[in-house]
Amino acid sequence: MWAATGDMPVYQIRTPASSLPQGVVVSPSTNNLHNPQIMAEEVTRKRELRLLKNREAARECRKKKKEYVKCLENRVAVLENQNKTLIEELKALKDLYCHKTD
DNA sequence: ATCAGTCGGCGTCACTAGAG
DNA sequence: CTCTAGTGACGCCGACTGAT
């Protein structure tokens with residue numbers, strides 16, 4: 001996940017596409033080993049399932065990221081307010097101290 | 001009205017980390 | 001080692017906006 005600083009992980013380097021589509025695992029069951037049509041259907045089914053799952057995962061991931069960013073923005077707002085309050089408090093104390101020493 | 005630029009969301013692919 | 005979930009990167013699309 002992302003660091004508390006708001007950094008995103010950076011570790012991905014793209015390479016040219018591999019020969020097989022993503023998520024396709026060629027492991028035919030013994031029954032279908034010699035039936036090319038069934039094998040092809042199995043490959044297609046697995047690919048579609050993988051795509052469906054990845055689609056949902058991507059949706060979830062984006063939602064999570066949006067919430068994370070919103071959370072960071074809220075934190076910024078809170079800290080800015082705190083900072084403002086502290087600056088005013090410091091100013092008031094300084095004034096008080098000046099008048100005391102007059 | 002239309003054209004170009006920008007933005008946000010989506011689907012997909014490539015890749016990694018972690019679980020089993 | 002293999003499988004799966006999570007996520008960055010990329011390309012596409014539709015909505016919106018300002019300039020002409």
Side-chain angles (χ1 to χ4, degrees):
Chain A
M1 206 14 166
W2 312 301
T5 54
D7 291 341
M8 304 284 283
V10 183
Y11 50 71
Q12 314 266 21
I13 299 168
R14 295 182 75 82
T15 52
S18 60
S19 54
L20 274 179
Q22 180 192 31
V24 173
V25 181
V26 185
S27 57
S29 70
T30 46
N31 282 350
N32 303 334
L33 192 54
H34 300 300
N35 189 331
Q37 174 155 2
I38 289 178
M39 291 232 340
E41 281 169 7
E42 181 70 2
V43 166
T44 303
R45 193 187 63 79
K46 282 186 175 170
R47 172 179 157 78
E48 279 170 1
L49 188 64
R50 168 66 193 152
L51 288 181
L52 178 68
K53 283 191 173 182
N54 188 240
R55 203 177 301 144
E56 284 165 2
R59 222 175 274 150
E60 192 56 34
C61 182
R62 285 171 182 136
K63 188 176 157 198
K64 201 166 148 190
K65 188 175 176 179
K66 267 184 94 173
E67 280 165 10
Y68 174 71
V69 168
K70 207 187 285 178
C71 192
L72 283 181
E73 286 168 349
N74 283 342
R75 189 163 155 70
V76 167
V78 166
L79 290 174
E80 277 175 352
N81 272 338
Q82 276 182 13
N83 196 33
K84 213 159 107 185
T85 305
L86 287 171
I87 286 171
E88 278 165 13
E89 200 179 318
L90 179 64
K91 189 168 171 279
L93 286 171
K94 275 182 177 172
D95 283 352
L96 198 66
Y97 179 76
C98 284
H99 290 129
K100 242 188 172 177
T101 54
D102 282 351

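Lettering of chains follows the sequences in order, A, B, ..., and the numbering in each one begins at 1. It should be emphasised that the depicted structure is a prediction, and the values quoted were computed from it without experimental measurement. Excluded from the calculations below are hydrogen atoms, water molecules and symmetry mates; all remaining heavy atoms, backbone and side chain alike, are included.
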Between the CD atom in A:Glu48 and the CZ atom in A:Arg55, the distance rounded to the nearest 0.5 Å is 9.0 Å
Rounding to 0.5 Å, atoms CG (A:Asn74) and NZ (A:Lys70) come to a distance of 8.0 Å
Considering just the side-chain nitrogens and oxygens of [X], establish if one lies under 4.0 Å of OP1 or OP2 belonging to [N].
X       : N      : result
A:Arg55 : B:dC10 : no
A:Lys65 : C:dG6  : no
A:Arg47 : B:dC13 : yes
A:Lys64 : C:dT7  : yes

Nearest whole angstrom, please: distance from the [atom2] of [N] to the [atom1] of [X].
X       : N      : atom1 : atom2 : answer
A:Tyr68 : C:dT7  : OH    : C1'   : 14 Å
A:Lys66 : B:dG8  : NZ    : C1'   : 8 Å
A:Arg50 : C:dT4  : CZ    : C1'   : 7 Å
A:Lys53 : B:dT12 : NZ    : P     : 16 Å
A:Asn54 : C:dT4  : CG    : C1'   : 11 Å
A:Arg59 : C:dA5  : CZ    : C1'   : 16 Å
A:Leu51 : B:dC10 : CG    : P     : 17 Å
A:Glu48 : B:dC13 : CD    : P     : 12 Å

- side chain to side chain contact (heavy atoms under 4.5 Å, CB included) between A:Glu41 and A:Gln37: does it pass, once the steps are laid out? CA-CA 6 Å; A:Glu41 281 169 7; A:Gln37 174 155 2; 3.4 Å; yes
Residues passing the side chain to side chain contact (heavy atoms under 4.5 Å, CB included) test with A:Leu86, sequence neighbours excluded, are A:Glu89
Please work out if A:Arg62 contacts a base, only the sugar-phosphate, or nothing of the nucleic acid, heavy-atom cut-off 4.0 Å. base
